[in-house]
Each structure stands twice: as structure tokens, then as C-alpha cells.
Amino acid sequence: MLLAEIFTSSAPSEESAVAGLSKAIQLSVAPVFLLTGITGLLGMFTTRLARVIDRSRLIQEAMERSDLAQAKRLRGALEVQRRRTFLINRAILFTTFTALLVSGVVAVMFISAVAALDLAAIVVPVFVLAMASLIVGLLLFLLEVQLAIRQNPRRYY
């Protein structure tokens, strides 16, 4: 009888540990989906950066072959490309910082659930900072897109 009581008393603690671990995984998975979206943004940003760099190279090559008047116009176009590079670079920086913060939130949430600690005082401000960083990254991307549209002499809208 005593042996049966030991097994029945240890089973609920094991089940509660598994339930706690299961809950930790569930809580940690939601921000992981956010990381997937951020990864997509970073891929798009780096593709845009590569296109801006390619365009800058073409403008520099054209400047070498051009006369003085055309070189002056191309220098202005190259300055726009430099501005676009700066903006998209900063968008990449802030979005990468967002990914790092969200990863930290996932880690802290998992540790909090497994260790049965209330770390909401850490999770909340870090997540808010992550969202602020994402907003800044998206605003910088929006500015870069607007700059690219203004550079194009044809209007598509």
C-alpha cells in the first residue's frame, strides 16, 4: 500500500512538470512566428540594398564615361542612392535589433515558465522595445521607398 501511495503522489508532480513545460513551449512559440515575419522583412531589405548598390555602381560607371553636364546630373542621382543606402541600412539595423529582442523575450518566457518565476517585469519592456524598434525599421523602409519613387521620373500612381 505504501508503494502505491508513493507512485500516485509522484505522478501528479511529474504531470504538472510536463504541463508546465508544455505551457512554456506554447507561450514561447507565439513570438517565434513574429521572428518568421521579421526574417522575411530582413530578406526583402537586403535584396533592396543589393539593388541600390548595383544601381550606384552603374551610375559611377556612367559618370566615368560622361561629359561634365551629365556627370553633374549623375552625381545628384548617386547622392540619392547614398541616401537610400543609409536608410535601408538603418532599417536593417533596427529590424535585426528587433529580432534579437524578440529572441530574448522567447528565452526569458521559457525560463520564466520552466523555473516558475514571474519575469513579466523583464518581458513586457523588452517586448515593447522590440515593437518600437520594428516600427522605426519600418518607417525607415517607408522613407527609402518614398525616396526611390521620387527618384523615378515616371509616375506609376
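All of these numbers come straight from a predicted model, not from anything done at the bench.
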Do Leu147 and Ile53 sit in the same hydrophobic cluster, where Ile, Leu, Val, Met, Phe, Trp and Tyr count as joined when their side-chain heavy atoms come under 4.5 Å apart?
no

Less than 4.5 Å apart, side chain to side chain, heavy atoms only: is that true for Arg90 and Phe86?
yes

Shortest non-hydrogen contact from Ser66 toward Leu74:
OG-CD1, 4.1 Å

Would you give the length of the straight line joining atom CZ of Arg83 to atom CG of Leu143, rounded to the nearest 0.5 angstrom?
7.5 Å

For the atom pair CG (Leu49) and CZ (Arg84), what is the distance rounded to the nearest 0.5 Å?
9.5 Å

Same cluster (ILVMFWY, side-chain, under 4.5 Å), Val105 and Met131
yes

Checking Ile38, Leu129, Leu35 against Thr98 for side-chain contact (heavy atoms from CB on, under 4.5 Å), the one that qualifies is Ile38

Answer yes or no: is there a donor N or O on one side and an acceptor on the other, between the side chain of Thr95 and the main chain of Ile92, under 3.5 Å?
no

To the nearest 0.5 Å, what is the distance between CD1 on Ile88 and OG1 on Thr85?
9.0 Å

With side-chain contact (heavy atoms from CB on, under 4.5 Å) as the criterion, how do Leu34 and Phe127 come out once you've worked through the C-alpha distance, each side chain's angles and the decisive distance to 0.1 Å?
CA-CA 11 Å; Leu34 180 60; Phe127 190 75; 4.0 Å; yes

Determine whether Arg51 and Arg48 satisfy the following criterion, side-chain contact (heavy atoms from CB on, under 4.5 Å), listing intermediate values before the conclusion.
CA-CA 5 Å; Arg51 294 201 55 171; Arg48 282 190 75 86; 5.6 Å; no

Quick one: are Gln81 and Gln151 in side-chain contact, heavy atoms under 4.5 Å?
yes

Please confirm whether the backbone N or O of Ala130 pairs with a side-chain atom of Ser133, one donor and one acceptor, at under 3.5 Å?
no

With rounding to the nearest 0.5 Å, note down the distance linking CZ in Phe45 to CG in Leu138.
5.5 Å

Can you name the nearest heavy-atom pair linking Ile122 to Pro125, along with the distance?
O-CD, 3.4 Å

Distance check, rounded to the nearest 0.5 Å: Leu140 atom CG versus Ile135 atom CD1?
12.0 Å

Indicate, with yes or no, if Val136 and Leu101 share a hydrophobic cluster defined by side-chain heavy-atom contacts under 4.5 Å among Ile, Leu, Val, Met, Phe, Trp and Tyr.
no

Which heavy-atom pair separates Pro31 from Val102 by the least distance, and what is that distance?
O-CG1, 3.6 Å

Group every Ile, Leu, Val, Met, Phe, Trp and Tyr by side-chain heavy-atom contacts under 4.5 Å, then state whether Val123 and Leu117 land in the same group.
yes

For the pair Arg57 and Asp54, find out whether any cationic side-chain nitrogen is under 4.0 Å from an anionic carboxylate oxygen.
yes

Roughly how far, to the nearest 0.5 Å, is the OG atom of Ser56 from the CE atom of Met63?
11.0 Å

Are Phe97 and Phe141 connected into the same hydrophobic cluster when the rule is that any two of I, L, V, M, F, W, Y join if their side-chain heavy atoms are below 4.5 Å apart?
yes

